[in-house]
Amino acid sequence: MYDGTPRPVSPPSVPRRRALRTAAALLALSTALVAGCSAGGDGKGAAKSAPAPAKGFPVTIDNCGIRTTYDAPPARVVTIHQHPAELMLSLGLKDRMVGTAFPDSAVLPQLRKDFGAVPELAKREPSFEKVLDAEPDFVYGGYGSAFAEDEGRSRKAFADAGIDTYLNREYCGEKQVSMKDTYDEIRTIGSLFGVAGRADRLVADLRGRVDRATAAVKGAPAVPVFVYDSGDKAAFTAGGKSLGTEIIRLAGGRNVFDDLDEVFGDVSWEQVVARRPEVIAIYDYAGAGSVEQKKRFLLSQPALADVPAVKNKRFVVLPLTATLVGVRPPHAVEDLARALHPERFR
């Protein structure tokens with residue numbers, strides 16, 4: 001799906017990176033001490049004279065088999081891929097972000113201003129050296145390719161440079177992704193950054209979006225949906241273990257390949273024809289051809305001419321980021337429900 005180019009790796013300055021982490025911890029400690037001293041004997045002045053110290057630390061996180069204990073929230077963060085960046089921004093953590101990379105699709109409207117203020121390190125995955133130049137103490141990756149060993153960005157390489165890492169739980173190898181994973185990811189990042197309350201409020205808001213959408217389509221016949229990611233000789237589609245399948249179900253549809261025992265997989269065009277989808281959900285992301293190119297391809301195939309979705313030109317577009325563990329899937333449920341059952345939203 002992605003084609004980053006390997007670059008030579010120069011030896012990192014380990015002491016400098018470790019010094020950044022130490023500085024962040026010392027900053028948190030000094031803030032707490034200043035707050036305590038300013039409060040006097042009764043502690044009543046603390047909130048007025050200095051921010052309250054972060055609560056809940058140390059925090060230990062198990063992530064994809066790597067266990068890390070944080071004595072203070074990370075202070076300088078680089079996100080690789082768009083969905084971790086949007087999650088961070090949704091938690092109000094723009095001030096912790098010193099770089100991001102690989103924008104996949106249009107940014108959520110409410111996040112565009114903040115997203116634009118974060119330095120973009122690369123159009124795709126940045127080199128190891130480029131990340132180090134931003135002097136992060138934490139790197140948050142969206143896809144597994146964020147920490148591609150053959151490109152010099154392994155999690156061990158970052159650890160050796162004194163930099164903590166976190167990989168989106170979708171790429172921890174469980175091969176089953178659900179809406180619960182999105183909520184758990186938000187809460188984990190909220191805990192790691194000392195903003196658990198914000199995370200809880202964000203999850204409540206996103207759950208509310210899903211609940212309202214599912215209530216609106218309750219009782220409506222499930223619309224057969226085929227997910228078209230890419231492919232010409234065969235169709236690369238979302239299987240039954242994908243979050244996309246759950247999004248479709250919650251929106252009042254049914255993924256016609258929900259019996260495919262994978263997150264993603266190839267199916268034949270003959271299978272697509274046999275399952276007669278009424279709607280085709282086109283996944284939109286950088287590097288896989290435009291939505292218009294995908295539509296033209298589908299409409300130009302004689303074998304697909306009698307497929308109801310093609311015959312009626314009933315396509316819906318889902319940014320790939322909307323189907324990944326992060327803040328977008330609940331928005332996708334809402335948008336897709338309106339597309340599948342417009343009569344329920346008039």
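We're numbering straight along the sequence, starting at 1.
- Under a 3.5 Å cut-off, the side chain of T100 and the backbone N or O of T79 do form a donor-acceptor pair.
- T245 contributes a side-chain N or O that, together with a main-chain N or O of G239, makes up a donor-acceptor pair within less than 3.5 Å.
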Please assess D62 against R67 for the test salt bridge (Lys or Arg N to Asp or Glu O under 4.0 Å), listing each intermediate value before the final yes or no. CA-CA 4 Å; D62 287 300; R67 185 178 178 89; 2.9 Å; yes

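- Scanning both residues, P329 and L243, for their nearest heavy atoms gives CG-CD2, 3.6 Å.
- Atom CZ of residue R254 and atom CZ of residue F226 lie 13.5 Å apart, to the nearest 0.5 angstrom.
- For T323, there are no side chain to side chain donor-acceptor pair (under 3.5 Å) partners two or more places apart in sequence or in a different chain.
- Here the straight-line distance linking atom CG of L206 with atom OH of Y183 works out to 6.5 Å at 0.5 Å rounding.
- For K294, there are no salt bridge (Lys or Arg N to Asp or Glu O under 4.0 Å) partners at least two apart in sequence or on another chain.
- Every ring-ring contact (aromatic ring centres under 6.0 Å, His included) that Y166 has, sequence neighbours left out, goes to Y140.
- Using a 4.5 Å heavy-atom threshold, the side chains of L132 and I163 count as touching.
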Using the rule given for ring-ring contact (aromatic ring centres under 6.0 Å, His included), can you reason through Y70 versus F57, listing the C-alpha separation, both sets of side-chain angles and the distance that settles it, and then say yes or no? CA-CA 7 Å; Y70 299 85; F57 285 85; 7.8 Å; no

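- Taking a 6.0 Å sphere around CD of E149, one finds it holds 12 or fewer heavy atoms contributed by other residues, nucleotides or ligands.
- Between the CD1 atom in I186 and the CG atom in L202 there is a gap of 4.5 Å [rounded to 0.5 Å].
- Residues H83 and Y143 are in side-chain contact: their nearest non-hydrogen atoms beyond the backbone lie under 4.5 Å apart.
- When atom types are taken as modelled, the side chain of N168 and the backbone of V325 share a donor-acceptor pair closer than 3.5 angstrom.
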Run K180 and D184 through salt bridge (Lys or Arg N to Asp or Glu O under 4.0 Å) and show every step you take. CA-CA 6 Å; K180 181 179 182 298; D184 288 346; 2.6 Å; yes

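- Separating the CG atom in N255 from the CZ atom in R249 is a distance of 12.0 Å, to the nearest 0.5 Å.
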Test side-chain hydrogen bond (donor to acceptor under 3.5 Å, both in side chains) applied to T321 and Q82, step by step: CA-CA 7 Å; T321 47; Q82 185 174 330; 4.5 Å; no

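- In this structure, S145 OG and D150 CG are separated by 10.0 Å, a value rounded to the nearest 0.5 Å.
- Using the six-membered ring where Trp is involved, F147 and F158 have ring planes that are perpendicular, over 60° apart on the 30 and 60° scheme.
- In this structure, D104 does not pair ionically with R328, as no charged nitrogen and carboxylate oxygen lie closer than 4.0 Å.
- Here CD of E334 is found 11.0 Å from OG1 of T214. Values are rounded to the nearest 0.5 Å.
- Under a 4.0 Å N-O distance rule, the pair R201/D205 does not qualify as a salt bridge.
- A distance-only check finds a donor-acceptor pair linking the side chain of R96 to the backbone of P74 [under 3.5 Å].
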